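Starting from 1, each residue takes its place in the sequence as its number. Quick caveat: nothing in here was measured; it's all calculated off a predicted structure. Just follow the structure's listing: the first ligand is 1, and inside any ligand the first atom is 1.
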Amino acid sequence: MVKVVKFGGSSLASAEQFKKVADIIHADDARKFVVPSAPGKRFSSDTKVTDMLYTCYDIAAKGKGFDDKFNEIKKRYYEIIEGLGLDLSLEKEFDAIRAGFIGKAGRDFAASRGEFLNGKIMAAYLGYEFIDAAEVIHFNDNGTYDADLTDISMKERLNGIERAVIPGFYGVMPNDTIKTFSRGGSDITGSIVAAAVAADLYENWTDTSGFLTTDPRIVKDPAPITTITYRELRELSYMGASVFHEDAIFPVRKAGIAINIKNTNKPEDPGTLIVESTSQKPAYTITGIAGKKGFTVINIEKDMMNAELGFGRKVLEVFEKNNISFEHMPSGIDTMSVIVSQQEFEPKEQEVLAGLHRNCHPDAIDIETDLALIAVVGRAMKSNRGTAGRIFSALAHAHINVKMIDQGSSELNVIIGVSESDFEEAVKAIYDIFVTAKL
Ligand code: ASP
């Protein structure tokens, strides 16, 4: 049995946290490959080392003195090393990083050193081999992740190695410079390593016991999700539920490896298991509710629209030309609505309107802003009658006007558009009818 274990920044923020992590690793012999993040926040007003590195590099890149900031970063690491009682010097590494800052090695190089140094400490503490992610994780010239080359390097390098620490978040470009994934990207590294070593499980250790059925800022102590499918998770994370980097799903999913989100501070909690498919019935008809504010609807009206071949294409062409991706497109006989992100749309509003007039000759265009979208997601909705009915009666009882409804053909989710001012109340009403009332 082989498990790849990734630990997030808060799990590695101090020597105390490192000790918890080592206990977790030692408690299960299968935990052979460890992917650490950089030290995160120790308390809520603290600064993540990644952010300290960005700030420090920006000062260095302007040619200003950066010693004070650099020493603060060093101090974070030496506090951990001393707290663990390790006989480890990182002076050579710090000298090389300083030289990289002076030589303008790039912001990605700077940020990546957070994981690199934490990996060094972790490897020394566990007595595992350290493998630099720059040896095994590759990016293409255009900055996208190179899965094929990574697969080859990873297999070659890991051949015959039983246990190792591989820092998260970064890899190398064809020109040998360091490149990082987007923020939170250590999750992706963990997933890539899990796929490369054909792990039985990818454990992702963080500071919450997995996913909750909804946002705890809206509903107090929402029920946890014990098992969720990849597709359900995609729907929920796309709509704002965040615990795990969205792109981290793909490498393990392709390899059929499940992910277990676990809590470093409560290792006894089962956490959330993310799987391809499952016969396990969810505790409720719905698996989760997520949502986001900040959408705009563009309503387009034209008599006999339904008879006009290619009308939808002409509409979408305008959005494509303006580099705006659409979220949903509900339509009627003579109306079509396009829902887009307000932030993307606003700066190009007049270009889009002019384009629609030119391309589609509509009778009227009407714009509505400040829309919130709510996704009600659940694999059990398919086999339960009356789910939509219950959602809408709950919203009606809460006096909430539904502006848009979209149910995907997969019957995995129902998307509901409400006014932003109704967003929180709508989420609560839906939560109550399914979870509190256990329907
Ligand atoms: N340390 C990086 C960040 O703060 C990457 C990660 O934690 O996954 O985004």
Any atoms of ligand 1 less than 4.0 Å from a non-hydrogen atom of [X]? List them with their elements.
X: Phe169; answer: 2 (C), 5 (C)
X: Glu115; answer: 1 (N), 2 (C), 5 (C), 6 (C), 7 (O)
X: Arg183; answer: 3 (C), 4 (O), 9 (O)

Side chains of Arg163 and Tyr128: donor-acceptor distance under 3.5 Å anywhere?
yes
With the threshold set at under 4.0 angstrom, would you say [X] reaches ligand 1 through any of its heavy atoms?
X: Gly168; result: no
X: Gly114; result: no
X: His245; result: no

Which residue and heavy atom of the protein sit nearest atom 6 (C) of ligand 1, plus the separation
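Going by distance alone, atom 6 (C) of ligand 1 is nearest to Ser186 OG, 3.4 Å.
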With no hydrogens and no angle check, is any side-chain donor or acceptor of Arg76 less than 3.5 Å from a backbone partner on Ala13?
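Side chain of Arg76 to backbone of Ala13, a donor-acceptor pair under 3.5 Å: yes, one is there.
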Could you tell me whether Thr50 and ligand 1 have an N or O pair separated by under 3.5 Å?
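Yes, there is a polar N/O contact under 3.5 Å.
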Sub-3.5 Å N/O-N/O distance, Lys6 and ligand 1
no
Atom pair NE2/NZ of His138 and Lys179 - distance to nearest 0.5 Å:
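Between atom NE2 of His138 and atom NZ of Lys179 there are 15.0 Å.
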Presence of salt bridge, Glu420 and Lys293, under 4.0 angstrom
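No, Lys293 and Glu420 are not salt-bridged.
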Salt-bridged, Glu129 to Arg157, with N to O below 4.0 Å?
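So Glu129 pairs with Arg157 through a salt bridge.
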Quick one: does ligand 1 sit under 4.0 Å from the side chain of Ser37, the backbone, both or neither, non-hydrogen atoms only?
side chain
Test applied, side-chain contact (heavy atoms from CB on, under 4.5 Å); reference residue, Thr264; option that passes from Thr208, Ile24, Asp207
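Of the listed options, the one satisfying the test is Ile24.
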